[in-house]
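Here is the naming used below: chain letters follow the sequence lines, and residue numbers restart at 1 for every chain.
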2 protein chains.
Amino acid sequence: MEDEEKLVCAENCPHLNKINNVKSLEPKADEYQKLSNMFKLFSDETRLKIICSLLKEELCVCDLCELLGLNQSQVSHQLQLLRNSKLVKFRREGKQIFYSLDDEHVELIIQMALNHILEEEEKNGML
Amino acid sequence: MEDEEKLVCAENCPHLNKINNVKSLEPKADEYQKLSNMFKLFSDETRLKIICSLLKEELCVCDLCELLGLNQSQVSHQLQLLRNSKLVKFRREGKQIFYSLDDEHVELIIQMALNHILEEEEKNGML
DNA sequence: TATTCATATGATTACTTATTCATATGATAA
DNA sequence: TTATCATATGAATAAGTAATCATATGAATA
């Protein structure tokens, strides 16, 4: 810790107590990774639209294509990511495959984020 | 709609009612974009760590560097993104600049996502 | 059992985003 | 009023991700 490259400001960074406080409360490394992976799934507009569509209805791939105006390959690739992360489940019915959400937190997370957006819009609209 | 390239499965996709139902409830286009932008901010591990650190304490840039083991440029660049999206605010005190969160939803969103992660872990640990 | 339909997958390309390095800015202190 | 410290910023490169296109799979039907 002493001969390492100095990162802290000045000789005696006045905030070491803060740093230690934060450090003790922080999620651990692998949780950060899982969190960021989860948010990554929501961060692509196409995937987000797919997720939101599935919030309300079980849908087959072609329904999603039609609904979102996307081609089949695009939708399937994104569904693959969602599948791999266990965010959606699916069932086969004849030739079609129906996707639905496999998580109860998703709706809450999106709702929170939407609340944030709407509040921002209000704030800006009112100034 | 008739001479467009056909996206819907078969001649008579049986789920047009579903599609219309979903369509009527969906967030609008610009909201999707804002949502995905918001999630994009959380989707980078470095940024996420910065955000989580600021959940608990107002911190200066060099505190963040020290805490997260990152170089100053990395942290400043990411803070710039957070600033641009109005997710953090900052104040100058002498040579140092202190950052803090400027949003009440952030903690909730991360907490939800963390709940999801933990539940997944439990599920897998128990099988 | 050959054909069609719905979906999945692999490989390539195009795009986006983060990291790095060098330098600029703005405040303080010598 | 120059030197130093904390931070910001720009440009270049590197890394990661999505779109596209071609093809594969697996079920149903003729």
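Straight-line distance from the CD atom of B:Glu93 to the C1' atom of D:dC5: 15 Å, rounded to whole Å. Per the geometry, CD1 belonging to A:Ile97 stands 9 Å off P belonging to D:dA27, to the nearest Å. Spacing between atom CZ of A:Phe98 and atom P of C:dA6 amounts to 11 Å, rounded to whole angstrom units. Rounded to an integer number of Å, the gap from A:Gln96 CD to D:dT25 C1' is 16 Å. One can place CG of B:Asn84 at 12 Å from C1' of D:dT9, the figure rounded to the nearest angstrom. Rounded to an integer number of Å, the gap from CG of A:Leu82 to P of D:dA18 is 10 Å. Atom C1' of nucleotide C:dA6 and atom CG of A:Leu79 are separated by 13 Å, given to the nearest angstrom. Nucleotide D:dA19 holds its P atom 12 Å from the CG atom of A:Leu68, rounded to whole Å.
The two residues B:Ile110 and B:Leu55 come nearest to each other via the heavy atoms CD1-CD1, 4.4 Å. Looking at every heavy atom in both residues, A:Lys89 comes nearest to A:Leu101 through NZ-O, 3.4 Å.
When atom types are taken as modelled, the side chain of A:Arg47 and the backbone of A:Val75 share no donor-acceptor pair closer than 3.5 angstrom. Remark: the backbone N or O of A:Gly94 is paired with a side-chain donor or acceptor of A:Arg92 at under 3.5 angstrom. Between the side chain of B:Ser36 and the backbone N or O of B:Gln33, at least one donor-acceptor pair lies under 3.5 Å.
For the pair A:Arg91 and A:Glu58, the salt-bridge criterion is met [side-chain N within less than 4.0 Å of a carboxylate O]. Electrostatic pairing of A:Glu31 and A:Lys34 does not count as a salt bridge here, judged by no charged N lying under 4.0 Å from a carboxylate O.
The structure places SG of B:Cys60 at 7.5 Å from CD1 of A:Ile19, a figure rounded to the nearest 0.5 Å.
Remark: B:Gln74 is in phosphate contact with C:dT20, judged by side-chain N or O atoms under 4.0 Å from OP1 or OP2. Note on A:Gln78: every side-chain N or O is 4.0 Å or more away from OP1 and OP2 of D:dT17. One finds no side-chain N or O of A:Asn71 lying less than 4.0 angstrom from the OP1 or OP2 phosphate oxygen of D:dA19.
Residues A:Arg83 and A:Arg92 both approach DNA chain C. Their nearest nucleotides, taken by heavy-atom distance, put A:Arg92 toward the 5′ side.
Nearest nucleotide to the side chain of A:Gln80, out of D:dA6, C:dT7, C:dT9: C:dT9. Across C:dC5, D:dA11, D:dA8, the shortest atom-to-atom separation from the side chain of A:Lys95 is found for C:dC5.
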**OP:** List the steps and the verdict of side-chain contact (heavy atoms from CB on, under 4.5 Å) for B:Glu121 and B:Leu118.
**Re:** CA-CA 5 Å; B:Glu121 280 175 2; B:Leu118 296 173; 3.8 Å; yes

**OP:** Determine, step by step, whether A:Phe98 and A:Leu59 satisfy the side-chain contact (heavy atoms from CB on, under 4.5 Å) criterion, reporting the C-alpha distance in whole Å, the side-chain angles of both residues, the deciding distance to 0.1 Å, and the verdict.
**Re:** CA-CA 5 Å; A:Phe98 287 85; A:Leu59 293 169; 5.9 Å; no

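The bend of the helix from C:dT1-D:dA30 to C:dA30-D:dT1, defined by the angle between the axes of its first five and last five pairs, stands at 10° to the nearest 10°.
Scanning atom types as modelled, no donor and acceptor separated by under 3.5 angstrom connect the side chain of A:Ser76 and the base of C:dT9. At a cut-off of 3.5 angstrom, counting only N and O atoms as typed in the model, there is a donor on one side and an acceptor on the other between the side-chain of A:Ser73 and the base of C:dT9. For B:Gln72 against D:dA8, a side-chain-to-base donor-acceptor contact under 3.5 Å is present.
Looking at heavy-atom distances under 4.0 Å, A:Phe90 makes no contact with the nucleic acid at all. Using a 4.0 Å heavy-atom cutoff across all strands shown, B:Tyr99 reaches sugar-phosphate atoms only and no base atom. Using a 4.0 Å heavy-atom cutoff across all strands shown, A:Leu81 reaches sugar-phosphate atoms only and no base atom.
The aromatic ring of B:His77 sits over the base of D:dT9, with ring centres less than 5.5 Å apart and planes tilted by under 30°.
DNA chain D is contacted by no residue of residues 31-52 of chain B, taking any non-hydrogen atom closer than 4.0 Å.
In this pair, B:Phe42 and A:Phe39 present their aromatic rings tilted. The plane angle is within the 30 to 60° band.
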